[in-house]
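Presented below is the structure to which this report refers.
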Amino acid sequence: MPELPEVEVLVRHLRPLVCGRTIRGVTVRRARVLAPTSPDQLQRSLRGATFTGLSRRGKYLVFELRPPGKRVPLILVGHLGMTGRMYLTPRNAPLPKHAAVVLNLGRERFVYEDPRYFGRLTLDSRALARMGPEPLSEDFTSAAFGAALTRFRQAIKVKLLDQALVAGVGNIYASEALFRARIAPQLAARKLGRTQVQALRRTIREVLTEAIRFGSTIPLHHGEKRSGDGLFYFGRAAGAADYYTERLRVYDRKGLPCLRCQTPIRRIVQAARSTFYCPVCQKRGANPNQTQAKSV
DNA sequence: CACCATGTTCCTTG
DNA sequence: CCAAGGAACATGGT
């Protein structure tokens, strides 16, 4: 589930549910998601602490807590990896098979589950310091974006996944933003023209903003659809509603006609990740400075 | 069995 | 410092 929009929707959903709640106990079932924090350390820090805030940075969830009897806030950092979920359930509800960490909140429990255990729930907040600008904030200017891009000869698609360049863009929205900006994914980052940089900045924001708006209309409570929390399903996932895939114009559409020109969409592999694009609409040709970019 | 998967990090080699 | 490739993490879906 995790790219910036999914995390944003989750944060908005979770914030009012956790704020004000006090942690009575901590159960760690998979220590690796805490590292380098130890289970013992997490338990000592969180027991008795009260949630005072929840925000997002890139794809990270940032929980703020007030430890018992203290004034200095405590930061708990979460990440969903590829398959993580975080939600509240009644105390007596059965735990999912891959529950990694469970926080006892009294009547309810906060569950972080993750079948692949790629995600995190830790006191180690160093990852936040390495983040680039928030794409939806004022900090994300095309001047700064363009200047940063000139330092790399790597393909633009690969650089879009670099969280130090811009925070929160993942594999799906990288392809989507490039398609809308009509930029070939193979184009070296430093080769983007000014117009292309501006277009890409705009389509990144567009794609993320639309996804957030769209996601916010999705039922956020578990129990409704299937497999727990009905937040964002993707593609062929169980119970996947195509409301998600309908939003995607190129991702996972290999061989299907481009929505602009009918040319079959291609799939290539870059840095060991799938990239989808239209070979006609997204040209790597000369004159990148002249490239016009409009959304389809 | 094979291949694929929304992510990040670390490692090697150049 | 950068590039490119790979592997690792671990599980599930098709």
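Order of the sequence lines fixes the chain letters, A, B, ..., with proteins taken first and strands second; residue numbering starts at 1 for each chain.
- Protein atom CG of A/Asp252 is 10 Å distant from nucleotide atom C1' of B/dC4, rounded to whole Å.
- Look at the P atom in both B/dC3 and C/dG6: the space between them is 15 Å, to the nearest Å.
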Please test A/Glu176 against A/Arg247 for salt bridge (Lys or Arg N to Asp or Glu O under 4.0 Å), starting from the C-alpha separation and ending with a verdict.
CA-CA 10 Å; A/Glu176 294 295 318; A/Arg247 289 281 134 165; over 6 Å; no

Return the polar atom pairs (N/O with N/O) between nucleotides 9-14 of chain B and the protein under 3.5 Å, or none.
{"unit_1": "B/dT9", "atom_1": "OP1", "unit_2": "A/Arg130", "atom_2": "NH2", "d": "3.2"}

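- Taking atom P in both B/dA2 and C/dA7, the straight-line distance is 16 Å, to the nearest Å.
- For the C1' atoms, the distance from C/dA3 to B/dT6 is 25 Å, rounded to whole Å.
- Nucleotide B/dG7 holds its C1' atom 11 Å from the CE atom of A/Met131, rounded to whole Å.
- Rounded to whole Å, the distance from CZ on A/Arg273 to C1' on B/dA5 is 8 Å.
- Under 4.0 angstrom from either OP1 or OP2 of B/dT6 there lies at least one side-chain N or O belonging to A/Tyr251.
- Under the ring-ring contact (aromatic ring centres under 6.0 Å, His included) criterion, the residue pairs touching residues 252-280 of chain A are A/Tyr251-A/Phe276, with sequence neighbours excluded.
- With rounding to whole Å, A/Leu248 atom CG is found 14 Å from B/dA5 atom C1'.
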Considering only nitrogen or oxygen atoms on both sides, find all protein atoms under 3.5 Å from nucleotides 1-3 of chain C and state each distance.
{"unit_1": "C/dA3", "atom_1": "OP1", "unit_2": "A/Arg153", "atom_2": "N", "d": "2.3"}
{"unit_1": "C/dA3", "atom_1": "OP1", "unit_2": "A/Gln154", "atom_2": "N", "d": "3.1"}

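- Under 4.0 angstrom from either OP1 or OP2 of B/dG7 there lies at least one side-chain N or O belonging to A/Lys59.
- Residues satisfying the ring pair (Phe, Tyr, Trp, His ring centres under 6.0 Å) test with A/Tyr112, not counting sequence neighbours, are none.
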Where each pair must be Watson-Crick or G-U wobble with both distances under 3.5 Å, what dot-bracket representation of DNA chain B is obtained, with crossing pairs in [ ] and other-strand partners as |?
.||||.||||||||

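- By the 4.0 Å N-to-carboxylate-O rule, A/Arg21 lies close enough to A/Glu108 to be salt-bridged with it.
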Filtered N/O pairs between nucleotides 5-12 of chain C and protein, under 3.5 Å:
{"unit_1": "C/dA10", "atom_1": "O4'", "unit_2": "A/Arg116", "atom_2": "O", "d": "3.3"}
{"unit_1": "C/dA10", "atom_1": "N1", "unit_2": "A/Arg116", "atom_2": "NE", "d": "3.4"}
{"unit_1": "C/dA10", "atom_1": "N1", "unit_2": "A/Arg116", "atom_2": "NH2", "d": "2.8"}
{"unit_1": "C/dA10", "atom_1": "N3", "unit_2": "A/Arg116", "atom_2": "NE", "d": "3.2"}
{"unit_1": "C/dT11", "atom_1": "OP1", "unit_2": "A/Arg30", "atom_2": "NH2", "d": "3.1"}
{"unit_1": "C/dT11", "atom_1": "O4'", "unit_2": "A/Pro115", "atom_2": "O", "d": "3.4"}
{"unit_1": "C/dT11", "atom_1": "O3'", "unit_2": "A/His98", "atom_2": "NE2", "d": "3.0"}
{"unit_1": "C/dG12", "atom_1": "OP1", "unit_2": "A/Lys97", "atom_2": "NZ", "d": "3.2"}
{"unit_1": "C/dG12", "atom_1": "OP1", "unit_2": "A/His98", "atom_2": "NE2", "d": "2.6"}

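- Distance CZ (A/Arg57) to P (B/dT8): 13 Å, rounded to an integer number of Å.
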For a salt bridge (Lys or Arg N to Asp or Glu O under 4.0 Å) check, start with the C-alpha distance between A/Arg202 and A/Glu206, then their side-chain angles and the critical distance, and finish with the verdict.
CA-CA 6 Å; A/Arg202 186 171 59 71; A/Glu206 200 175 272; 2.9 Å; yes

